[in-house]
Amino acid sequence: MKKANLFIFLLLPLFCLAQSTFQLKGKITDETAALPWENIVVFSPEGKIVDGTASKEDGTFEITISKGFYKIKISPQGLMNWEKYILIEKDIDLGLILLTKKTNNLDEVVITTKKRTIEQKIDRLIYNVENNVSTTGGDALSAINTAPGVVVQNNTINILGKGSSRVMIDGRIVELSGEELNGFLKSISANDIKNIEIITNPPAKYDANGTGGLININLKKGTRDSWKNTTTLSYDQNKYGNYTLRNNFFYNKNKFRFSMSANAKSGYRNADENLKLYFPDGLQHMNAQSKINEDNLSGKLALDYDISERTTVGFQYLNDRKNPNFKSDIIIKNYDTENKMNSIVLNDGFNNKNSGNQTYNLHLLTKLDTLNRKFSVDVDYFNYDSKFDRDFTTRKYTPDMIFISLDQYGRNISNQNIDNRSVKADMEHPLEFVNLSYGAKVSFTKSESSLLSYDNRSGTPIVDLNQSNEFEYQENNQAIYVSGNKKFNDKFNLQLGLRAENTQTNGYSANLNQEIKNNYFKLFPTFYLTYKKNENNSFNFNYGKRINRPRFDLLNPFRTYINSNSYSEGNPFLKPSFSNNFEVSHSYKEVLRTSFFINTITDGYGVIFTSDPATNTQVVTRENYYKGINYGFGESYTAEITNWWSTENTLYLLGSKTTFTSGINATPTNGLQLDFSTSNTFSLGEATKLQVDYTYSSPVKSGLYTVGYMSGLNIALKQNLFKKSMQIAFLANDIFNTAYLKDFVSVVNGIKQVYSQNESSRFFRFSVIYNFGNTKISVKQRDFGNEEEKRRLGK
């Protein structure tokens with residue numbers, strides 16, 4: 001009953017429709033006569049078109065408008081623009097509006113302005129990727145890694161000081177994580193990205209899942225009344241080589257918009273892993289070298305059609321297929337307490353993996369009136385499937401490579417399939433006292449995974465039932481939200497939101513005959529306040545509560561052997577963790593931005609690298625084992641130093657305080673971390689740009705782990721040819737080969753582990769991009785000023 005009452009309370013704004021209206025009128029003239037058929041447009045304080053009309057033959061105009069604060073703008077041809085901010089709370093006559101001639105008339109001069117690389121909004125940072133030279137010819141993952149305050153490390157996308165982040169494409173959640181998510185992002189061309197939104201405290205409209213907030217990738221839509229094609233060919237050289245071919249096509253005319261992209265990649269990358277385990281009877285040192293296949297084929301198709309002046313329907317389809325086969329050569333050297341080698345274990349394996357995902361989206365957007373009320377519906381279907389077939393042989397030798405025994409000869413076949421279906425509806429509902437938005441979403445997820453383990457040592461494959469399992473997991477979520485934005489004046493802007501989510505989960509292990517069910521209801525409030533002191537200084541405070549639900553594979557209770565001395569197992573009893581996030585920031589001239597934040601985490605879960613001294617085996621488990629506080633200070637500086645030198649710089653000082661809440665046999669470590677990055681772009685001419693990037697992260701102690709330093713120096717060069725129809729780009733990434741995970745240390749049960757991983761961090765890329773198209777598709781001329789065109793202003 002309490003839940004029902006809360007839902008009714010949240011939906012009450014649906015019935016708040018009553019508004020009072022007033023008349024706004026005036027007359028437009030120049031120095032000699034009245035001006036007919038000039039456009040008068042009314043904007044909201046956020047810059048959205050609210051209403052509009054055209055002046056009559058005698059230059060007069062009249063608009064019926066609701067109470068509120070607006071900007072009125074007139075943009076006549078050949079005359080100076082006129083605009084004014086007005087508070088509407090009664091009928092207003094603007095009187096005679098005199099428009100003057102422009103001081104300079106320049107014929108056929110096109111003035112272009114470059115977007116700011118970083119734009120601050122009330123609830124997010126917007127990063128314009130097109131300004132970054134190093135992403136030319138790259139993919140979405142590399143573009144994310146260049147965004148301010150974002151790092152990609154060990155298959156995880158993190159917002160500094162916040163934790164792992166979820167990713168959206170055009171505002172729609174991608175139901176992938178870890179290696180699968182990174183693979184999907186590599187299939188999207190960076191040239192296809194309009195901008196990236198970094199949302200550390202997502203508003204109530206978005207799913208509450210993800211401690212580190214959200215990263216939203218907005219893809220390009222194409223210019224109105226034009227078509228364009230972009231073809232990219234790039235070659236990456238690390239230890240091995242990779243070829244990538246991408247093609248993006250956009251068509252936009254009248255009521256119809258169409259885009260299509262195809263991406264193909266072929267080649268290999270090298271992965272180098274090192275692990276040292278300090279057991280009581282001596283050191284165990286593992287080194288793994290893998291040659292990973294990078295074959296990938298992906299594509300995107302999007303259609304939008306305006307079925308009326310107010311309503312648009314659309315369809316979007318994404319598909320990504322890859323076959324990351326790899327052969328791994330693992331050497332394990334075992335030493336005694338006097339550091340003398342006593343045996344060598346060779347673990348040879350071939351991993352045949354096929355995986356893919358497909359996403360379908362149907363959407364509808366309708367604008368209900370000229371008051372900018374909008375209603376949208378999205379229907380989504382997502383499917384991910386993978387098949388993993390691993391053959392492996394483990395042989396033991398003396399230090400002189402004399403054969404001792406065949407320890408393992410087996411085969412593991414695992415399959416996973418994830419289905420997600422969701423429907424959401426959103427309403428933007430401006431009222432005279434607040435800009436209201438509200439909506440609902442239902443989501444249904446089903447995950448099925450299986451593992452068949454075979455023992456081949458006898459020469460005949462025998463199923464090992466103790467190592468085989470089937471696991472099914474279902475998660476259903478129902479959510480509603482309401483959010484209100486109020487601009488009091490030119491200085492204060494307030495936004496409040498509340499999201500309610502009801503979740504049911506059911507996990508079943510066939511081999512263990514074990515079923516785990518959960519049902520929980522949670523509220524997630526959000527709060528944003530901005531204060532613009534003057535043209536140079538603005539302040540922002542925000543708060544949000546978030547949830548971090550475990551990935552599906554982490555809930556599977558069965559063991560997956562990494563090698564003969566290492567296995568990983570999930571935990572069906574994992575609970576979601578919760579965080580409360582506070583942030584205060586200051587912006588000076590939109591050039592210098594300072595932020596302070598603090599996040600509290602309860603029921604925190606994560607990976608625990610423990611060991612079994614009896615068998616000298618590494619065990620990778622997952623548990624809810626800590627609570628903690630993360631805090632930090634951030635500084636970013638973005639500026640045009642000269643007309644040929646622009647710079648972007650970030651400096652973060654991060655800290656944490658962790659307390660273990662379970663019976664884990666370890667001592668928490670806490671310390672400070674310094675993270676610095678600088679990106680400098682130099683215009684060597686109208687057609688040539690040089691970019692030099694450097695990043696540095698100091699060693700850090702946090703919770704269960706300590707991590708060594710990371711640094712990287714990148715140099716990129718881009719040359720425009722044939723009036724920008726062709727671009728040639730070169731990138732030297734991580735020149736000194738220092739931007740990889742190193743000295744990742746944990747001590748659990750008295751066993752020290754030191755791990756490092758380098759997956760082709762240093763590479764060189766050469767790219768050629770060719771653009772062609774037509775930006776002047778002829779369209780039917782529409783006269784502005786009649787009632788039909790007036791309604792179109794609500795778009």
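Please read all numbers here as calculations on a predicted model, not as lab measurements.
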Item to complete: May I ask you to test the Val129-Asn195 pair for a side-chain heavy-atom distance under 4.5 Å?
Response: no
Item to complete: With rounding to the nearest 0.5 Å, note down the distance linking CG in Asn248 to CD1 in Ile188.
Response: 10.5 Å
Worksheet item: If we only count heavy atoms from C-beta on, is the Asp170 to Ile217 side-chain gap below 4.5 Å?
Response: no
Discussion item. Taking the six-membered ring for Trp, are Phe730 and Phe766 closer than 6.0 Å centroid to centroid?
Written reply: no
Fill in: Other residues, nucleotides, ligands: >12 heavy atoms within 6.0 Å of Tyr85 OH
no
Item to complete: Quick one: do Glu428 and Arg373 satisfy salt bridge (charged side-chain N to carboxylate O under 4.0 Å, His left out)? Show the steps, please.
Response: CA-CA 5 Å; Glu428 293 185 22; Arg373 290 194 301 170; over 6 Å; no
Worksheet item: What do the steps show when you test Thr642 against Glu640 for side-chain contact (heavy atoms from CB on, under 4.5 Å), and what is the final call?
Response: CA-CA 5 Å; Thr642 67; Glu640 299 283 339; over 6 Å; no
Worksheet item: Do the charged groups of Arg257 and Asp306 touch, with an N to O distance under 4.0 Å?
Response: yes
Fill in: Reported CG-to-CD distance for the pair Leu79 and Glu38, which is rounded to 0.5 angstrom
7.0 Å
Fill in: Polar contact flag, side-chain donor to acceptor under 3.5 angstrom, Asn252-Trp227
no
Discussion item. With a 4.0 Å cut-off on N to O distance, would you call Lys441 and Asp207 a salt bridge?
Written reply: yes
Worksheet item: Do Asp236 and Arg765 meet the salt-bridge criterion of a basic N to acidic O distance under 4.0 Å?
Response: yes
Discussion item. One pair to check against side chain to side chain donor-acceptor pair (under 3.5 Å): Asp693 and Ser679. What are the steps and the verdict?
Written reply: CA-CA 4 Å; Asp693 299 342; Ser679 177; 2.7 Å; yes
Worksheet item: Does the ring of Phe250 carry Lys228 above it, NZ/CZ under 6.0 angstrom from centre and within 45° of its axis?
Response: no
Worksheet item: Do Tyr384 and Ser355 pass the side-chain contact (heavy atoms from CB on, under 4.5 Å) test, and can you show the C-alpha distance, the side-chain angles, and the key distance before you say yes or no?
Response: CA-CA 8 Å; Tyr384 170 80; Ser355 66; 3.9 Å; yes
Worksheet item: Is the number of heavy atoms from other residues, nucleotides or ligands under 6.0 Å of Tyr243 OH greater than 12?
Response: no
Practice prompt. Could you point out which residue of Leu721, Asn720, Thr231, Asn771 forms a side-chain contact (heavy atoms from CB on, under 4.5 Å) with Met726?
Written response: Leu721
Practice prompt. Starting from the C-alpha separation in whole Å, work towards a yes-or-no answer on side-chain contact (heavy atoms from CB on, under 4.5 Å) for Phe382 and Asp380.
Written response: CA-CA 7 Å; Phe382 171 81; Asp380 292 277; over 6 Å; no
Worksheet item: Roughly how far, to the nearest 0.5 Å, is the CG atom of Asn354 from the CG atom of Asn323?
Response: 4.0 Å
Fill in: Student check: side-chain heavy atoms of Leu301 and Phe258 closer than 4.5 Å
yes
Discussion item. For a 4.5 angstrom cut-off between non-hydrogen side-chain atoms, does Pro148 reach Tyr127?
Written reply: yes
Practice prompt. Drop me the distance from Ile63's CD1 to Phe61's CZ, to the nearest 0.5 angstrom.
Written response: 6.0 Å
Worksheet item: Quick one: do Asp378 and Lys424 make a salt bridge, cutoff under 4.0 Å?
Response: yes
Worksheet, complete the sentence: Interatomic distance, OG@Ser75 vs NZ@Lys73, rounded to 0.5 Å, equals 4.5 Å
Discussion item. Test your reading of the model: is there a side-chain donor-acceptor pair from Gln691 to the backbone of Val133, 3.5 Å cut-off?
Written reply: yes
Worksheet item: Do Gln316 and Asn361 have a side chain donor and acceptor closer than 3.5 Å?
Response: no
Worksheet item: Taking it one step at a time, do Asn435 and His429 satisfy side chain to side chain donor-acceptor pair (under 3.5 Å)?
Response: CA-CA 6 Å; Asn435 287 325; His429 190 150; over 6 Å; no
